[in-house]
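These notes concern the structure reproduced below.
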Amino acid sequence: MNSQEEYLTKRVVVRATKKGMKIAAKETMDIMGYNVIALNGWVVKKFKDGTIERIKEIKSSSNLGPLALD
């Protein structure tokens, strides 16, 4: 596979992934009323009305440990 083919394949995968994540986030918001995301160094719940509830601070990527996302 040459670099042009790799670039096009990567582009297709990135585009499909973004689209899938957008659809999944919308469906989750419709069903549960919130999404769990990382925002400004925190794991937060983002609700339909735009309010945000902090769950846990992200100290560094090397010591995250177990983090349950419901």
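Predicted model, so just to flag it, every value in this text is computed and none were measured. This chain uses plain numbering: 1 for the first residue, then up along the sequence.
Hydrophobic cluster membership for Ile37: Leu39, Trp42, Val44, Ile52 (Ile, Leu, Val, Met, Phe, Trp, Tyr linked by side-chain heavy atoms under 4.5 Å, directly or transitively).
In terms of the side chain to side chain donor-acceptor pair (under 3.5 Å) criterion, residue partners of Thr51 (sequence neighbours excluded) are, by chain and number, Asp49. Legend: residues meeting side chain to side chain donor-acceptor pair (under 3.5 Å) with Asn40, ordered by chain and number and at least two apart, are absent. Considering only residues two or more places apart in sequence or on other chains, Lys26 meets the salt bridge (charged side-chain N to carboxylate O under 4.0 Å, His left out) condition with Asp30.
Here the closest non-hydrogen pair linking Lys46 and Met29 is O-CE, 3.3 Å. Taking each heavy atom of Ile58 and Ala38 in turn, the nearest pair found is CD1-CB, 4.0 Å.
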(request) Dump the intermediate steps for side-chain contact (heavy atoms from CB on, under 4.5 Å) on Glu53 and Phe47, then the final yes or no. (result) CA-CA 8 Å; Glu53 175 186 322; Phe47 294 90; 3.7 Å; yes
(message) Walk me through whether Asn35 and Lys45 qualify under side-chain contact (heavy atoms from CB on, under 4.5 Å).
(response) CA-CA 6 Å; Asn35 283 322; Lys45 281 185 183 179; over 6 Å; no
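Atom CD in Glu27 sits 13.5 Å away from atom NZ in Lys22 (nearest 0.5 Å).
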For residues 11-21, dump all side-chain donor-acceptor pairs below 3.5 Å to protein atoms at least two apart in sequence or in another chain.
residue: Thr17; atom: OG1; partner: Val13; partner atom: O; Å: 2.7

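Residue pairs that meet the ring-ring contact (aromatic ring centres under 6.0 Å, His included) test with at least one member in residues 12-32, sequence neighbours left out, do not exist here.
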